[in-house]
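Reviewing the structure listed below.
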Amino acid sequence: MNSRESEGLVSLGKKIDYPTDYAPQVLETFVNKHPDNDYWVRFNCPEFTSLCPITGQPDFAEIRISYIPDIRMVESKSLKLYLFSFRNHGDFHEDCINIIMKDLIKVMDPKYIEVTGFFTPRGGISIHPYANWGRPGTKYEALAAARFERHE
């Protein structure tokens, strides 16, 4: 058994069938080798697609995920598969961002996380929802409040 498999990673390095609907179960994590250091991990996902729950038309966005890991980190291929699973999923922009953040909190339990969606305009209006979270009772909760307050 290789080290990836011993950590429970199944999609990395293998041909995987893409999920056809919302699939949080595809998210995989691995052990952070530097939990004693605070550092940022950022993912830019410029090809996110979901469906409008009213019209069924596609919505396109760039999703930015930034987090400060603790013990577990999200594996990038599983994150790609997870984000792809929204392609046939109908939810409003704000819901997608909050769902993504909450699913990542559930699998990683990061110290801090923020998720932003830069959705392309529809009908002349673009929407850029932002959600963040810091671990309650820690300095990361204060970080979340400060970053939320300064968010433009």
Listed partners of Y67 passing side-chain hydrogen bond (donor to acceptor under 3.5 Å, both in side chains), at least two apart
none
Does Y39 reach the side chain of N32, with side-chain heavy atoms less than 4.5 Å apart?
yes
Cluster link I65 to L143, ILVMFWY, side chain under 4.5 Å:
no
Apart from F92 itself, members of its ILVMFWY cluster (side-chain separation under 4.5 Å) are I54
Tell me whether I127 shares a hydrophobic cluster with L83, the cluster being built from Ile, Leu, Val, Met, Phe, Trp, Tyr side chains joined at under 4.5 Å.
no
Give the minimum heavy-atom separation between F86 and C96, together with the two atoms involved.
CD2-SG, 4.0 Å
Side-chain contact, heavy-atom cut-off 4.5 Å: N132 with I113?
no
Can you see which heavy atom on G134 is nearest to which on A144, and at what distance?
N-CB, 3.5 Å
For E62, the side-chain hydrogen bond (donor to acceptor under 3.5 Å, both in side chains) test, sequence neighbours excluded, returns R64
E149 side chain to A145 backbone, donor-acceptor under 3.5 Å:
no
Return yes if some donor-acceptor pair links the side-chain N/O of S126 with the main-chain N/O of P121 below 3.5 Å, else return no.
no
Should I68 and F30 be regarded as members of a common hydrophobic cluster, given that ILVMFWY residues are connected when their side-chain heavy atoms come within less than 4.5 Å of each other, either directly or indirectly?
no
Which pairs with one or both residues in residues 125-139 pass salt bridge (charged side-chain N to carboxylate O under 4.0 Å, His left out), sequence neighbours excluded?
D38-K139, D70-R135, D109-R135
For residues 43-53, please give each side-chain donor-acceptor pair under 3.5 Å, one per line with the distance, not counting sequence neighbours.
unit_1	atom_1	unit_2	atom_2	d
N44	OD1	R42	NE	3.1

Summary of ring pair (Phe, Tyr, Trp, His ring centres under 6.0 Å) pairs that have at least one residue in residues 130-152, sequence neighbours excluded
Y130-H151
Is there any salt bridge (charged side-chain N to carboxylate O under 4.0 Å, His left out) pair reaching into residues 112-134, and which pairs are they, with sequence neighbours excluded?
D59-R122, E114-R147
Where do I99 and D91 land on the side-chain contact (heavy atoms from CB on, under 4.5 Å) test, with the steps shown first?
CA-CA 10 Å; I99 290 167; D91 246 328; 3.2 Å; yes
Set of salt bridge (charged side-chain N to carboxylate O under 4.0 Å, His left out) partners for K102, sequence neighbours left out:
none
Hydrophobic clusters here meaning ILVMFWY residues chained together by side-chain heavy-atom distances under 4.5 Å, can you tell me if Y22 and V74 are in one?
yes
Side chains of E28 and V107: closer than 4.5 Å at any heavy-atom pair?
no
Is there side-chain contact between Y82 and I100, with at least one heavy-atom pair below 4.5 Å?
yes
Just so I know, are the side chains of L27 and L104 near enough to count as touching, which here means a heavy-atom distance under 4.5 Å?
yes
Output every pair passing salt bridge (charged side-chain N to carboxylate O under 4.0 Å, His left out) with a member in residues 124-134, not counting sequence neighbours, ordered by first then second residue.
none
Tell me, please, which residues at least two apart from N98 pass side-chain contact (heavy atoms from CB on, under 4.5 Å).
M101, A131
Results of side-chain contact (heavy atoms from CB on, under 4.5 Å) for D36 - residues two or more places apart only
H34
Quick one: ring pair (Phe, Tyr, Trp, His ring centres under 6.0 Å) pairs with a partner in residues 97-120, sequence neighbours left out?
W40-Y112, H93-F119, F118-H128
Mark yes or no for whether K111, through its side chain, and P35, through its backbone, hold a donor-acceptor pair below 3.5 Å.
yes
